[in-house]
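Right, one structure below, let's go through it.
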Protein chains: 4
Amino acid sequence: MRAQRNAAAQAGSARRRELLTIAERQFATRGFAQTTIRDIADEAGILSGSLYHHFPSKEAMLGEALQEFLEGLLARSVAIVEQGDRPREVLDQLIRESFATINAAPDAVALYQNEKSFVAETPGFEFVAKLSRDIEKLWLGVIKSGRAAGEFRTDLDVNLTYRFIRDTVWSTVGWYRLGGRFSHHAVAEQYLSLLHGGMLKN
Amino acid sequence: MRAQRNAAAQAGSARRRELLTIAERQFATRGFAQTTIRDIADEAGILSGSLYHHFPSKEAMLGEALQEFLEGLLARSVAIVEQGDRPREVLDQLIRESFATINAAPDAVALYQNEKSFVAETPGFEFVAKLSRDIEKLWLGVIKSGRAAGEFRTDLDVNLTYRFIRDTVWSTVGWYRLGGRFSHHAVAEQYLSLLHGGMLKN
Amino acid sequence: MRAQRNAAAQAGSARRRELLTIAERQFATRGFAQTTIRDIADEAGILSGSLYHHFPSKEAMLGEALQEFLEGLLARSVAIVEQGDRPREVLDQLIRESFATINAAPDAVALYQNEKSFVAETPGFEFVAKLSRDIEKLWLGVIKSGRAAGEFRTDLDVNLTYRFIRDTVWSTVGWYRLGGRFSHHAVAEQYLSLLHGGMLKN
Amino acid sequence: MRAQRNAAAQAGSARRRELLTIAERQFATRGFAQTTIRDIADEAGILSGSLYHHFPSKEAMLGEALQEFLEGLLARSVAIVEQGDRPREVLDQLIRESFATINAAPDAVALYQNEKSFVAETPGFEFVAKLSRDIEKLWLGVIKSGRAAGEFRTDLDVNLTYRFIRDTVWSTVGWYRLGGRFSHHAVAEQYLSLLHGGMLKN
DNA sequence: AATGAATGAGTGTTCATTCAT
DNA sequence: CATGAATGAACACTCATTCAT
């Protein structure tokens, strides 16, 4: 109701970053709604009320985590596309980058996967839909270029193809475990191989 | 908790089925934890306390919905496998059946997708992991047979391949809309085509 | 956020009336903001959460109390004006009625006096300003008629006169005590005598 | 609590006076309990904790504001009474002084009006009741003298008359606006005219 | 089969105050 | 003089659940 006015709510604080990391992990693990402000505070070793010295609300913590994640992902995706490689190579790199992101920041990815639908209708979270759309446009552009360049099949619907790829890649966060049997590189290469050539023996 | 049943909680009741359908839709839309017993009661036109005449708890409603869904899915999957077709054909049919299930019971699918991780650690819900495993074994068996029969590539990891397929198929529930641009048949065929031959032009 | 949907929130309940009376007294004594939901629940002998079975919010309790008070006061005022007596007589009766109201429902009067300014800017409480204005119009009309009829002095500003009278009358609630030295009739007659003839000996 | 003073909390500080003015206005506008220490600090451009360098507590700010107001008012009232004019003239001057005070320090007046009942039972605020009583004695003395001198009517109760006057005068703070249609002089004269001669045409 | 009243534990949030720096 | 981090108690409100009727 009253505007945010906390000096501590500035980006700079190290403590703030610590708390956000804790929140991110808990949100990712338990779900945003199921995580209580007391859970986060407990893990940080402070009282729940003290969190409000750093963040104006629980929702703000979610928002910050999502924004950081999406802006980083978009920036890295843009950088890949702007390198100017051939579409097929660009798509492969986007996919590899996605698996690398899952490996580097599984909590943020899981958070995004789990909460994006809840967050869609929440005021103040419009940026989620917007950044998601920006990223989507990037991918769709690459796929279209690849079709035009004769690299990709044209008998498949562009949007469906994009969604199949996107869903497969990001779903990985649900079962990929750090230090598991496969490195994120291996998982990426396996998926790329399947995507390129299909499952059938020829 | 789940085992106990009121007299009125017998399987036969039509009212009971009505209430479960309402609960299923709300759980699927809002999430289990975010749905209140009052949301359900409101839509049913009764008071929240009255739900306890039909179900012993909110969790019991979730359990029943999940059980019904998973048992049906397993039964249909077993039936497909038992037809004795060649593995490639069986796999295609399993995939088609999945898309058909998404089309026929999107709430149950979404419910399962959203709550399976929460439910994993909840006592009384062991059947979820068990039935999921049964279905997984079925799919893995088909894939292995296909490899042995020389129909599928053998340079891909079986488990990874299974997970890629499973995730892609079930994720569809997040964006597939009844009466949208594509019928569930069309979506299935597009995915099968991509899965069979890959994305690259040859 | 969700609409009111409580069957118990109907006007009819006796328990509801009891709770509202308790709330009214506490709001009047301590102030609305200083009264906690637990204060009210404690006096009613229930837990604080149980109040929400009867009222959707603390503000709703305030709103109901104010509405009941203002609508009753307006109705009684209209009835007095419509009797068609001469303005001087009507004004006297309005004043007597005000003192009677203070005597009969001191809590409601004090509540209104204390909270009307807070409530002025609160969404959902527009009716307070509206009913207050309706009552004001009634009084102003009577004073103007009395001036036109040659009963009241015309060298005094109408609006100031109204406010002087209104403030004096309602302020009484701050010190008038049931069973004190003066009955409300006596207080009314003393004020009327002062208002009619002034303070100076002639 | 109030007695204790930091070194910096000496009377002389200009910053202190600034802060107190801000607090006074906010207390008057929003109410003491509804004003947070942060509201005050925000307007002053410092952090809430820093206020405690100047004042030992929020209550102490209220206490200081009230004391300053009441002591000033009492002093000015005593000065008027001690001039030795005839009671009728003294009463008029007391009333004029009251309206002038409302004009000069509306925040302090509003503060006193709003918080005097809350403050009545608060330890450390006994001076409020005492100074109020001192002022009341002054007014009652003037009225009694006027009756004895044959200037005022004797058929009205002294205490009731005093309260009627006091309430009317101070209530003005609720609607009198600086730069409004009437100067405080005009309002005073209108009220004196009504009080002297009454409302009826003779 | 349903109501209506209540419980009790918990949820996000607020806020005066303290204190090391 | 002020900051920034924290406390601890309180607050309005939510919700699954119980139970007498």
Side-chain angles (χ1 to χ4, degrees), chain A residues 1-2 6-10 12-13 15-16 19 33-41 44-59 61, chain B residues 1 6-8 13 15-16 33-41 44-59 61, chain C residues 1-2 6-10 12-13 15-16 19 33-41 44-59, chain D residues 1 6-8 13 15-16 33-41 44-59:
Chain A
M1 216 134 270
R2 293 198 186 112
N6 207 320
Q10 305 299 344
S13 165
R15 188 74 172 115
R16 193 183 160 71
L19 296 171
Q34 280 64 57
T35 301
T36 76
I37 224 75
R38 278 174 183 84
D39 290 332
I40 301 169
I46 57 178
L47 289 177
S48 70
S50 304
L51 273 178
Y52 289 82
H53 181 64
H54 302 275
F55 301 93
S57 72
K58 186 185 164 192
E59 266 193 10
M61 292 188 220
Chain B
M1 206 151 267
N6 304 25
S13 167
R15 188 78 175 115
R16 192 183 162 72
Q34 279 64 58
T35 301
T36 75
I37 222 82
R38 253 162 93 161
D39 289 330
I40 301 168
I46 57 177
L47 287 181
S48 66
S50 305
L51 273 179
Y52 289 82
H53 186 67
H54 302 276
F55 300 93
S57 73
K58 187 184 163 191
E59 270 193 7
M61 290 187 224
Chain C
M1 214 135 272
R2 294 199 187 111
N6 208 321
Q10 305 299 343
S13 165
R15 188 72 173 118
R16 194 182 159 72
L19 296 171
Q34 280 64 57
T35 301
T36 76
I37 225 77
R38 274 177 182 83
D39 290 332
I40 300 168
I46 58 178
L47 289 177
S48 70
S50 304
L51 273 178
Y52 290 82
H53 182 63
H54 302 276
F55 302 92
S57 72
K58 188 184 163 192
E59 266 193 9
Chain D
M1 208 147 267
N6 304 24
S13 165
R15 189 80 175 112
R16 192 182 161 73
Q34 279 64 57
T35 301
T36 76
I37 222 82
R38 252 162 94 162
D39 289 329
I40 300 168
I46 57 178
L47 287 182
S48 67
S50 305
L51 273 179
Y52 288 82
H53 186 66
H54 302 276
F55 300 93
S57 73
K58 187 184 163 192
E59 270 192 6

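- Rounded to an integer number of Å, the gap from CD1 of I40(B) to C1' of dT17(F) is 14 Å.
- Using a 4.0 Å heavy-atom distance criterion, S48(A) is classed as a base contact.
- R15(A) contributes no side-chain N or O that forms a donor-acceptor pair with the base of dG4(F) under 3.5 Å.
- In this structure, L51(C) places its CG atom 14 Å from P of dC11(F), rounding to the nearest Å.
- Each of T35(A) and L19(C) lies near DNA chain E, and the nucleotide nearest L19(C) is the one positioned closer to the 5' end.
- L47(C) comes within 4.0 angstrom of a base, heavy atoms only.
- Atom CZ in R38(A) sits roughly 13 Å away from atom C1' in dT7(F) (whole-Å rounding).
- Of the side-chain N and O atoms in H53(B), none sit less than 4.0 angstrom from OP1 or OP2 of dA2(E).
- Taking 4.5 Å as the limit, every side-chain heavy atom of H53(A) sits out of range of all side-chain heavy atoms of I46(A).
- When rounded to the nearest whole Å, the span between CD1 of I37(B) and C1' of dA16(F) equals 7 Å.
- Set against dA16(F), dA6(E), dA2(E), the side chain of H54(B) has dA2(E) as its closest nucleotide.
- In this structure, dA1(E) forms no base pair with any nucleotide, since neither Watson-Crick nor G-U wobble geometry is met with both distances under 3.5 Å.
- Separating the CG atom of D39(B) from the P atom of dT14(F) is a distance of 12 Å, rounded to the nearest angstrom.
- Here the CZ-OG distance, from R38(A) to S48(A), works out to 4.0 Å after rounding to the nearest 0.5 Å.
- For the pair A33(D) and Q34(C), the tightest heavy-atom approach, listed with the atom from each and the gap, is CB-NE2, 2.6 Å.
- Atom CD1 of I40(A) and atom OG of S50(A) lie 13.0 Å apart (nearest 0.5 Å).
- Of the two residues near DNA chain F, A33(C) and G49(B), the one whose nearest nucleotide lies more 5' is A33(C).
- One atom, CD1 of I46(C), and another, C1' of dG8(E), lie 13 Å apart when rounded to the nearest Å.
- Between M61(A) and R16(A), every side-chain heavy-atom pair lies at or beyond the 4.5 Å cut-off.
- Remark: dA6(F) base-pairs with dT17(E); criterion is Watson-Crick or G-U wobble with both hydrogen-bond distances under 3.5 Å.
- Straight-line distance from the CD atom of E59(A) to the P atom of dT13(E): 8 Å, rounded to whole Å.
- One atom, OH of Y52(D), and another, P of dC15(E), lie 12 Å apart when rounded to the nearest Å.
- Contacts of S50(A) with the nucleic acid, taken as non-hydrogen atoms under 4.0 Å apart, include base atoms.
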